[in-house]
Novice: 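Quick one: structure below, then a few questions.
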Amino acid sequence: MVHPKPLDPYESPRSFYGSELRRLREARGLSQERLGELVFCSATYISQIEKADRRPQEDLSERFDSVLETGGHFARLYPLVTRTRFAEYFTAAAELQAVARTINEYAPALVPGLLQTPEYARALFRSAQPLRSAAETDDLVGLRMDRARLLDGPTSPMLWVVLDESAIRRPIGGAAVMAGQLSHLAVLVRGSRIIVQVLPYAAGAHALLEGALSLLTFADAPPVAYLEGPHAGQLIDDPSTVAKCLLSYDFVRAAALSPEASLPLIESAAEEHAHGQE
């Protein structure tokens with residue numbers, strides 16, 4: 001009989017953590033529901049950690065050690081789990097996107113990462129760090145394209161994006177790259193994969209002039225908001241603040257063109273960029 005190779009905590013730290021949690025939980029005769037009660041979180045969250053869909057928190061790792069009497073095992077594993085290829089400030093938001101029921105975004109200047117083409121993403125990375133090596137840039141582009149596959153899954157979240165008109169007018173990467181990016185966006189919209197609205201210049205002042213916003217909702221947890229700027233981001237779970245962000249997003253969505261009116265504008269902008277390369 002061939003036995004499966006044990007998980008290497010350094011090769012797959014989150015999977016190893018999850019398998020250890022399942023092993024030690026079952027050794028104690030605890031269901032996911034009961035362990036959740038003992039450590040003050042939901043059974044769904046326990047399940048997501050065991051399947052490596054969600055990263056545990058440091059204080060939760062300590063509670064696992066206490067309840068399961070593991071002598072600090074999970075506290076020692078936690079630093080391995082926190083290693084990530086994402087920018088540190090974006091890691092938690094990226095993980096939550098993967099389990100979100102809906103993602104609502106306002107993008108003031110750029111097409112959001114989940115919708116970017118490789119050429120568009122490469123142009124952004126090059127402009128942000130002109131001295132970065134080609135290999136490093138390729139790695140970042142690959143990581144972003146991996147994230148975009150989130151929309152291909154059977155349980156992919158519903159994505160609703162409000163793009164400021166500047167996001168479809170500014171020629172990121174040049175006319176050809178921008179034409180390709182907007183054509184890709186139009187294909188996703190026409191394929192009923194996403195909902196996109198354009199907030200036109202004519203809308204003037206609006207509720208989210210100060211920056212980008214992402215709102216995530218979940219089947220079994222309260223919504224969160226994510227605000228991002230240059231080299232920094234903030235994940236917000238305070239209910240009153242999230243409620244204000246939701247209201248601001250609703251105001252912006254109401255001021256934007258309808259999805260039906262936005263698609264022709266996106267396709268027209270793609271044609272204009274395409275003609276600009278002739």
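Values in this document were obtained by computation on a predicted structure and should not be read as measured data.
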Novice: Run Glu119 and Arg122 through salt bridge (Lys or Arg N to Asp or Glu O under 4.0 Å) and show every step you take.
Specialist: CA-CA 5 Å; Glu119 297 79 13; Arg122 182 170 284 104; 5.7 Å; no

Novice: To the nearest 0.5 Å, what is the distance between CG on Leu199 and CD on Gln197?
Specialist: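 Here the interatomic distance stands at 9.0 Å.
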
Novice: Using the side chain to side chain contact (heavy atoms under 4.5 Å, CB included) rule, take Val111 and Ile172 through it: C-alpha gap first, then chi angles, then the decisive distance, then the call.
Specialist: CA-CA 10 Å; Val111 174; Ile172 304 297; over 6 Å; no

Novice: Rounded to the nearest 0.5 Å, how far apart are CD1 of Ile49 and CZ of Arg25?
Specialist: 11.0 Å

Novice: Find out whether Ile194 and Leu185 are in side-chain contact, i.e. whether some heavy atom of one side chain is under 4.5 Å from a heavy atom of the other.
Specialist: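 A side-chain contact exists here, since the closest heavy-atom pair is under 4.5 Å.
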
Novice: Could you check whether any side-chain N or O of Arg132 sits under 3.5 Å from a backbone N or O of Thr137, counting only pairs where one atom can act as donor and the other as acceptor?
Specialist: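 Side chain of Arg132 to backbone of Thr137, a donor-acceptor pair under 3.5 Å: no, none is there.
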
Novice: Under 3.5 Å, is there a donor on one side chain and an acceptor on the other for Tyr106 and Ser248?
Specialist: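 No, because no side-chain N or O of Tyr106 sits under 3.5 Å from a partner of the opposite role on Ser248.
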
Novice: Should His206 and Leu209 count as side-chain neighbours, where that means a heavy-atom distance under 4.5 Å?
Specialist: yes

Novice: In the structure I gave you, are the side-chain heavy atoms of Ile168 and Gln181 within less than 4.5 Å of one another anywhere?
Specialist: no

Novice: Measuring from atom NE2 of His184 to atom OH of Tyr120, what distance do you get when rounded to the nearest 0.5 angstrom?
Specialist: 11.5 Å

Novice: What do you reckon, is CZ of Arg170 surrounded by more than 12 foreign heavy atoms closer than 6.0 Å?
Specialist: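 Counting other residues, nucleotides and ligands, CZ of Arg170 stays at 12 neighbours or fewer.
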
Novice: Quick one: does Ser156's side chain have a donor or acceptor within less than 3.5 Å of a partner on Asp152's backbone?
Specialist: no

Novice: Measuring from Arg253:CZ to Ser258:OG, what's the distance to the nearest 0.5 Å?
Specialist: 13.5 Å

Novice: About how many Å separate CG of Leu24 and CG of Leu30, when rounded to the nearest 0.5 Å?
Specialist: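 Taking CG in Leu30 and CG in Leu24, the distance rounds to 10.5 Å.
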
Novice: Looking at side-chain heavy atoms only, is the closest gap between Leu227 and Ile236 below 4.5 Å?
Specialist: yes

Novice: Going from CG on Leu96 to CG on Leu216, what distance comes out if it is rounded to the nearest 0.5 angstrom?
Specialist: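 Going from CG on Leu96 over to CG on Leu216, the span is 6.0 Å.
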
Novice: For Thr102 and Leu215: C-alpha separation, side-chain torsions, deciding distance, then whether side chain to side chain contact (heavy atoms under 4.5 Å, CB included) applies.
Specialist: CA-CA 8 Å; Thr102 67; Leu215 295 160; over 6 Å; no

Novice: Are side-chain N/O atoms of Gln129 and Glu136 paired as donor and acceptor at under 3.5 Å?
Specialist: no

Novice: Taking the side chain as every heavy atom from C-beta outward, state whether His273 and Pro171 have any pair of such atoms under 4.5 Å apart.
Specialist: yes

Novice: Could you walk me through whether Leu114 and Ile103 pass the side chain to side chain contact (heavy atoms under 4.5 Å, CB included) test, one step at a time?
Specialist: CA-CA 11 Å; Leu114 289 174; Ile103 303 174; 4.1 Å; yes

Novice: Might you work through the side chain to side chain contact (heavy atoms under 4.5 Å, CB included) test for Leu21 and Leu68, ending with a clear yes or no?
Specialist: CA-CA 9 Å; Leu21 180 59; Leu68 300 175; 4.0 Å; yes

Novice: Could you check whether any side-chain heavy atom of Pro56 comes within less than 4.5 Å of a side-chain heavy atom of Phe74, counting everything from C-beta outward?
Specialist: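 Not in contact.
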
Novice: Taking all atoms of both residues into account, what is the closest heavy-atom pair of Ala261 and Pro264, and its distance?
Specialist: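 Looking at all heavy atoms of both residues, the closest pair is O-CD, 3.4 Å.
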
